[in-house]
Amino acid sequence: LIDYTLDQFADAGVQNAVVNVHYLADQIETHLKGRKQPNILISDERERLLETGGGVKKARPLLGEAPVFVSNTDAILLNDDGPSACTRLAASFDQERDDALLLLVPKEKTSGYDGLGDVHLDDLGRVSFRNGDEPAPFVFTGLQILNPRTVDKGPEGPFSLRITWKDAIDQQRLRGIVHSGRWMHVGDPAGLKAAEEIISLEKPAQS
């Protein structure tokens, strides 16, 4: 799964990738030594898992000031015949306008997911979170472009990037774009099995 994500980044021209390690950290580091592209930098969370926001904040010295891709690794994106998800995000991100740009997918194009959805999207691409048990049409894929300075005001220790998103919403600086391919959540055995079946159907027949 981590190779799949890093391959997507390499294909989009990413030169350096920061990987935060916690569970099975030694195994992950050993595996990543074999990668050539992108160049891998490690942010060590062995002592304390910091969640999405805390992880980005800890990695800030390695990230610099330019916008960065941020991705979970418990999902797989299938691209259609158009530009890749990373390429579309990069083309749509406007540093003067956006603090974060989220890649979203319609619920009907997911597998391994049975939630109510995450967000709504208006005609200008601005994101708002669903309220309570009210369903929402789009699911966050786990992939985004983020201005890393947005985590600087976050608390010390673990926190979610949702904290920074809420600030961005208040300033109308959180947008989303819709992925045209499929999104498969593989965070549990059932989701993994479903993803394997879908991928096997996507592969061209062997002669």
Side-chain angles (χ1 to χ4, degrees), residues 1-79 83-90 93 100-103 105 111-113 140-152 154 156-162 164 179 181-196 198-200 202-203:
L1 287 173
I2 197 168
D3 279 329
Y4 176 86
T5 299
L6 292 170
D7 287 347
Q8 291 248 74
F9 288 162
D11 289 344
V14 173
Q15 299 297 311
N16 297 295
V18 177
V19 176
N20 59 325
V21 296
H22 177 73
Y23 179 63
L24 299 179
D26 292 345
Q27 180 178 330
I28 295 296
E29 287 188 286
T30 298
H31 174 74
L32 293 175
K33 287 179 180 178
R35 286 202 66 97
K36 302 299 183 184
Q37 292 181 327
N39 176 53
I40 302 298
L41 305 171
I42 298 295
S43 180
D44 194 333
E45 295 183 25
R46 283 177 173 86
E47 293 184 359
R48 190 181 190 188
L49 188 60
L50 296 173
E51 299 185 36
T52 52
V56 174
K57 186 171 182 177
K58 180 179 175 61
R60 281 286 278 125
L62 302 174
L63 294 175
E65 300 302 320
V68 294
F69 289 110
V70 178
S71 181
N72 304 337
T73 57
D74 60 353
I76 292 176
L77 286 165
L78 293 180
N79 293 310
S84 71
C86 289
T87 299
R88 288 191 60 225
L89 275 172
F93 185 82
L101 180 67
L102 313 184
L103 186 71
V105 64
S111 74
Y113 175 83
F140 173 50
T141 64
L143 177 63
Q144 63 183 297
I145 290 184
L146 179 73
N147 190 323
R149 71 167 186 269
T150 60
V151 304
D152 293 347
E156 295 303 317
F159 70 93
S160 171
L161 279 174
R162 282 179 176 260
T164 67
H179 182 57
R182 298 198 61 167
W183 176 80
M184 301 174 290
H185 182 254
V186 290
D188 54 50
L192 176 61
K193 181 179 179 181
E196 289 173 337
I198 291 169
I199 290 174
S200 69
E202 293 278 339
K203 289 181 179 178

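The backbone N or O of Leu161 lies less than 3.5 Å from a partner atom in the side chain of Thr52, making a donor-acceptor pair. Judged purely by atom type and a 3.5 angstrom limit, Asp188 uses its side chain to pair as donor or acceptor with the backbone of Ala190. With hydrogens and angles ignored, the 3.5 Å screen pairs a side-chain donor or acceptor of Arg60 with a backbone N or O of Gly64. Between the side chain of Asn20 and the main chain of Val56, no donor-acceptor pair closer than 3.5 Å is present. Proximity of a side-chain donor or acceptor of Lys58 to a complementary backbone N or O of Glu45 within less than 3.5 Å is not detected. At distances below 3.5 Å, not a single donor-acceptor pair connects side-chain atoms of His22 with backbone N or O atoms of Leu50.
Nearest heavy atoms, Ala66 versus Pro148: O-CD, 3.2 Å. When every heavy atom of Ile28 is checked against every heavy atom of Tyr23, the shortest pair comes out as CG1-O, 4.3 Å. Summarising the geometry of Ala90 relative to Phe69, their closest heavy-atom pair is CB-CZ, 4.3 Å, with the distance given to 0.1 Å. The two atoms that bring Lys57 and Asp152 nearest to each other are NZ-O, 3.6 Å, heavy atoms only. In terms of heavy atoms, Ser111 sits closest to Arg182 at CB-NH2, 4.1 Å. Scanning all heavy atoms of the two residues, the minimum distance from Ala100 to Leu146 falls at CB-CD1, 3.9 Å.
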Problem - Full working for side chain to side chain contact (heavy atoms under 4.5 Å, CB included) between Asp74 and His185 - result: CA-CA 6 Å; Asp74 60 353; His185 182 254; 3.7 Å; yes
Handout entry: Full working for side chain to side chain contact (heavy atoms under 4.5 Å, CB included) between Leu32 and Val21
Key = CA-CA 11 Å; Leu32 293 175; Val21 296; 5.5 Å; no
Exercise for the section: Please assess Ile76 against Ile199 for the test side chain to side chain contact (heavy atoms under 4.5 Å, CB included), listing each intermediate value before the final yes or no. Expected result: CA-CA 10 Å; Ile76 292 176; Ile199 290 174; 4.1 Å; yes
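Put simply, the side chain of Asn16 does not reach to within 4.5 Å of the side chain of Pro38, judged on heavy atoms. Between Cys86 and Asp11, every side-chain heavy-atom pair lies at or beyond the 4.5 Å cut-off. Looking at heavy atoms from C-beta onward, Asp26 lies in side-chain contact with Glu29 at the 4.5 angstrom threshold.
Around atom CD of Gln37, no more than 12 heavy atoms belonging to other residues, nucleotides or ligands sit under 6.0 Å away.
A distance of 9.0 Å separates CD of Gln144 from CG of Leu89, quoted to the nearest 0.5 Å. The distance from atom CD1 of Ile40 to atom CZ of Arg35, rounded to the nearest 0.5 Å, is 6.0 Å. For the atom pair Ile198 CD1 and Met184 CE, the distance stands at 5.5 Å (nearest 0.5 Å). From Leu101, atom CG reaches atom CG of Asn147 across 12.0 Å, with rounding to the nearest 0.5 Å. Considering CD1 of Ile2 and CG of Asp7, their distance stands at 11.0 Å, rounded to 0.5 Å. Here the straight-line distance linking atom CG of Leu24 with atom CZ of Arg46 works out to 10.5 Å at 0.5 Å rounding.
The aromatic rings of Tyr113 and Trp183 lie perpendicular to each other, with more than 60° between the two planes, well past the 30° mark.
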